[in-house]
Amino acid sequence: MIDSRVKFRHLQTFVEVARQKSVMKAAELLHVSQPAVTKTIRELEQALGVDVFERDGRGIKITRYGEVFLRHAGAALTALRQGLDSVSQEQFADAPPIRIGALPTVSSRIMPRAMELFLKERTWSRVKIVTGENAVLLEQLRVGDLDIVVGRLAGAEKMAGFSFEHLYSEQVVFAVRAGHPLLDGGQSPFAGFGDYTVLMPTRGSIIRPVVENFLIANGVSSLPNQIETVSDSFGRAFLRSSDAIWIISNGVVADDVADGRLALLPVDTSETRGPVGLTMRADAVPSVPQSILMQTVREAAGELS
């Protein structure tokens, strides 16, 4: 039968003193006073009926009995922590997942790092990430199918009932394959637009009006050969096998450009910059795991600047 006088604090204090070989260091790590550590060790020794530590010059060392007890005390603490973790995992496994809507630019540039940080927090929460057009994601958020949307700020008429937290700003770019004819600088990129297939954001995407206004302002009123898509995998594959021009948010292709797989046409698109951030229902109260995930998204976004 286990002696009822031996408590968790006795095991924790004993193991820490054994590890540190110092009452003072153990007290600092346990955030208690040195007399409290000494008292706890004495209580343990009284319960065991033997000394677990002895003086060694100005310090202390573990006794033979202490060595024997340490093997079991350490294993007991490990088993207890694993048991607590298992209960937490089981508890969160029954909870609904955190459902996040992310625009393609966020899915490729922000969410991988955000999830890496989130998993380190060991909340054991399930996470579901959905990628799509902004209008679709906001509608899913409105009806409760999503908890958070990470993407561009929508128009005022579409933001009724939502709250928005700005994270960073991003602009549209014109991506092409490396070695594209329009990269030679011989003519204005806009002068040759009609000769190439252009991948455009879909009409439901939040950047479509921005792109259309930008093209009109630069003398491009129509595109005879265009494909509407929000698929980043299609865009990358199509550009590798053609001379198409892909008009897309910078974050979607930033890594491809950095790796030299794609290039950007020399077009000043700074006026297409728009805010990217967290959108939630205004009446929503985030759970603890949701709050932690939102913080990791903030940190991941902050690393971009």
Visitor: About how many Å separate CG of Leu103 and OG of Ser249, when rounded to the nearest 0.5 Å?
Guide: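 One finds 7.5 Å between OG of Ser249 and CG of Leu103.
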Visitor: Looking at every heavy atom in both Ala114 and Ala300, which two are closest together, and how far apart are they?
Guide: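 Closest heavy-atom pair between Ala114 and Ala300: N-CB, 3.7 Å.
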Visitor: What's the shortest heavy-atom distance between Val32 and Val37, and which atoms?
Guide: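 Scanning both residues completely, I find the closest heavy atoms to be CG2-CG2, 3.6 Å.
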Visitor: Kindly indicate, with the supporting measurements, whether the criterion side-chain contact (heavy atoms from CB on, under 4.5 Å) is fulfilled by Gln226 and Glu228.
Guide: CA-CA 7 Å; Gln226 64 172 280; Glu228 295 187 4; 4.0 Å; yes
Visitor: Is any side-chain heavy atom of Pro181 less than 4.5 Å from a side-chain heavy atom of Asp243?
Guide: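 A side-chain contact under 4.5 Å exists here.
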Visitor: Are side-chain heavy atoms of Leu80 and Leu11 found at a separation under 4.5 Å?
Guide: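 Heavy-atom side-chain distance check fails, nothing below 4.5 Å.
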Visitor: Among all residues two or more places apart in sequence or in another chain, which pass the side chain to side chain donor-acceptor pair (under 3.5 Å) test with Glu43?
Guide: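 With sequence neighbours excluded, Glu43 shows a side chain to side chain donor-acceptor pair (under 3.5 Å) to Arg9, His10, given in chain and number order.
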Visitor: Tell me whether Leu265 is reachable from Ile248 by hopping between hydrophobic residues (I, L, V, M, F, W, Y) whose side-chain heavy atoms are closer than 4.5 Å.
Guide: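 Ile248 and Leu265: separate clusters.
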Visitor: What closest approach, in Å, do Ala154 and Asn134 show between heavy atoms, and which atom pair accounts for it?
Guide: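 Scanning both residues completely, I find the closest heavy atoms to be CB-ND2, 3.7 Å.
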Visitor: Are Ile292 and Ile129 grouped together when hydrophobic residues (ILVMFWY) are joined by side-chain heavy atoms under 4.5 angstrom apart?
Guide: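 Yes, Ile292 and Ile129 fall within the same hydrophobic cluster.
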Visitor: Listing request: all salt bridge (charged side-chain N to carboxylate O under 4.0 Å, His left out) pairs with a residue in residues 269-294, at least two apart in sequence or in separate chains.
Guide: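 Salt bridge (charged side-chain N to carboxylate O under 4.0 Å, His left out) check on residues 269-294 returns no pairs.
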Visitor: Between Val297 and Leu167, is the side-chain contact (heavy atoms from CB on, under 4.5 Å) condition met? List the steps.
Guide: CA-CA 9 Å; Val297 171; Leu167 296 176; 3.8 Å; yes
Visitor: Applying a strict under-4.5 Å side-chain criterion to I, L, V, M, F, W and Y, I'd like to know whether Met111 and Met294 cluster together.
Guide: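 Yes, it is one cluster - the side chains of Met111 and Met294 are joined through contacts under 4.5 Å.
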Visitor: So Val253 and Val173, do their side chains get closer than 4.5 Å, heavy atoms only?
Guide: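 Counting from C-beta outward, Val173 and Val253 do come under 4.5 Å.
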Visitor: Less than 4.0 Å between a side-chain N and a carboxylate O, is that true for Glu212 and Arg203?
Guide: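 Judged by the 4.0 Å cut-off on N to carboxylate O distance, Arg203 and Glu212 do form a salt bridge.
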Visitor: Test: side-chain hydrogen bond (donor to acceptor under 3.5 Å, both in side chains). Region: residues 17-34. Which pairs qualify, not counting sequence neighbours?
Guide: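 Non-adjacent pairs meeting side-chain hydrogen bond (donor to acceptor under 3.5 Å, both in side chains): Glu16-Gln20.
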Visitor: When Ile, Leu, Val, Met, Phe, Trp and Tyr are grouped by side-chain heavy atoms lying under 4.5 Å apart, directly or through other members, which residues fall in the same group as Val285?
Guide: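 Besides Val285, the hydrophobic cluster comprises nothing; the residue is isolated.
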Visitor: Regarding Thr63 and Glu54, is there a side-chain donor-to-acceptor distance under 3.5 Å anywhere?
Guide: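 No.
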Visitor: Over 60° means perpendicular and under 30° means parallel, so tell me whether Phe174 and Phe214 are parallel, tilted or perpendicular.
Guide: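 Tilted.
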Visitor: Using 0.5 Å steps for rounding, measure from the OG1 atom of Thr40 to the CZ atom of Arg42.
Guide: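 One gets 11.0 Å once the value is rounded to the nearest 0.5 Å.
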Visitor: Which pairs, with at least one residue in residues 220-273 and sequence neighbours excluded, count as a ring-ring contact (aromatic ring centres under 6.0 Å, His included)?
Guide: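 Every pair satisfying ring-ring contact (aromatic ring centres under 6.0 Å, His included) with a residue in residues 220-273: Phe234-Phe238.
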Visitor: Taking ring-ring contact (aromatic ring centres under 6.0 Å, His included) as the cut-off, I'd like each qualifying pair that reaches into residues 39-66, sequence neighbours left out, listed once.
Guide: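 Passing the test, one end in residues 39-66: Phe14-Phe53.
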Visitor: First locate atom CD1 of Ile245, then atom CG of Leu264, and finally report the distance between them rounded to the nearest 0.5 Å.
Guide: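 The CG atom of Leu264 is 12.0 Å from CD1 of Ile245, to the nearest 0.5 Å.
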Visitor: May I ask you to decide if Val210's main-chain N or O and Thr272's side chain share a donor-acceptor pair within less than 3.5 Å?
Guide: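 Here the side-chain-to-backbone pair does not exist.
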Visitor: Sort and list the pairs that fulfil side-chain hydrogen bond (donor to acceptor under 3.5 Å, both in side chains) and have at least one residue in residues 112-121, not counting sequence neighbours.
Guide: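 Qualifying pairs: Arg113-Glu116, Arg113-Glu303.
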Visitor: Provide the closest heavy-atom pair for Leu117 versus Glu299 in the form atom of the first, atom of the second, distance.
Guide: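 The answer is CD1-OE1, 3.6 Å.
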Visitor: Hey, could you give me the CG/CG distance between Leu239 and Leu262, rounded to the nearest 0.5 Å?
Guide: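 Nearest 0.5 Å value for the CG-CG distance: 5.5 Å.
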Visitor: Check side chain to side chain donor-acceptor pair (under 3.5 Å) between Asp56 and all other residues, then give those that pass, not counting sequence neighbours.
Guide: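 Partners of Asp56 by the side chain to side chain donor-acceptor pair (under 3.5 Å) criterion come out as none, since no residue qualifies.
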Visitor: Hey, could you give me the CD/CD1 distance between Glu165 and Ile148, rounded to the nearest 0.5 Å?
Guide: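 Going from CD on Glu165 over to CD1 on Ile148, the span is 10.5 Å.
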Visitor: Taking only residues two or more places apart in sequence or in another chain, which ones pass side chain to side chain donor-acceptor pair (under 3.5 Å) with Thr296?
Guide: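 Not a single residue meets the side chain to side chain donor-acceptor pair (under 3.5 Å) criterion with Thr296.
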Visitor: Begin with the C-alpha distance, continue with both residues' side-chain angles, and end with the deciding distance and a verdict on side-chain contact (heavy atoms from CB on, under 4.5 Å) for Phe190 and Val267.
Guide: CA-CA 9 Å; Phe190 296 110; Val267 177; 3.5 Å; yes
Visitor: Does anything in residues 135-159 form a side-chain hydrogen bond (donor to acceptor under 3.5 Å, both in side chains)? List the pairs, not counting sequence neighbours.
Guide: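 As it turns out, the side-chain hydrogen bond (donor to acceptor under 3.5 Å, both in side chains) pairs with a partner in residues 135-159, which skip direct neighbours, are Arg99-Asp147.
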Visitor: When Asp256 is tested against each of Arg109, Arg177, Arg236 for salt bridge (charged side-chain N to carboxylate O under 4.0 Å, His left out), which residue passes?
Guide: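 Only match with Asp256 under salt bridge (charged side-chain N to carboxylate O under 4.0 Å, His left out): Arg236.
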Visitor: Ile247, Leu183: one ILVMFWY side-chain cluster at the under-4.5 Å cut-off?
Guide: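 They do share one cluster, since a chain of ILVMFWY contacts under 4.5 Å joins Ile247 to Leu183.
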Visitor: What about Val50 and Phe69, same hydrophobic cluster or not, with Ile/Leu/Val/Met/Phe/Trp/Tyr joined at side-chain heavy-atom distances under 4.5 Å?
Guide: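 Val50 clusters together with Phe69.
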Visitor: Counting N and O atoms only, with roles assigned by atom type, does the side chain of Asp268 sit under 3.5 Å from a partner on the main chain of Ser270, one being a donor and the other an acceptor?
Guide: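 Checked: pair present.
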Visitor: Holding to ring pair (Phe, Tyr, Trp, His ring centres under 6.0 Å), I want the full list of residues that pass it with Phe164, two or more places apart in sequence or in another chain.
Guide: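 Partners of Phe164 under the ring pair (Phe, Tyr, Trp, His ring centres under 6.0 Å) test: none.
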Visitor: Once rounded to the nearest 0.5 Å, what's the spacing between atom CG of Leu293 and atom OG of Ser125?
Guide: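 Between atom CG of Leu293 and atom OG of Ser125 there are 9.0 Å.
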Visitor: A side-chain contact here means heavy atoms from C-beta on lying under 4.5 Å apart; do Leu153 and His166 qualify?
Guide: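 Answer no - side chains too far apart.
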Visitor: Considering non-hydrogen atoms only, spot the tightest contact between Ile110 and Ala301 and give its length.
Guide: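 Closest approach of Ile110 to Ala301: CD1-CA, 3.8 Å.
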Visitor: Start with the C-alpha distance between Val15 and Leu77, add both sets of side-chain angles, then the distance that settles side-chain contact (heavy atoms from CB on, under 4.5 Å), and finish with yes or no.
Guide: CA-CA 9 Å; Val15 169; Leu77 289 177; 3.6 Å; yes
Visitor: Among residues at least two apart in sequence or on other chains, which ones pass ring pair (Phe, Tyr, Trp, His ring centres under 6.0 Å) with His180?
Guide: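 With neighbours one apart ignored, the set is Tyr196.
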Visitor: Locate the shortest heavy-atom distance separating Val6 from Ala47; write the atom from each residue and the value.
Guide: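 That would be CG2-CB, 3.8 Å.
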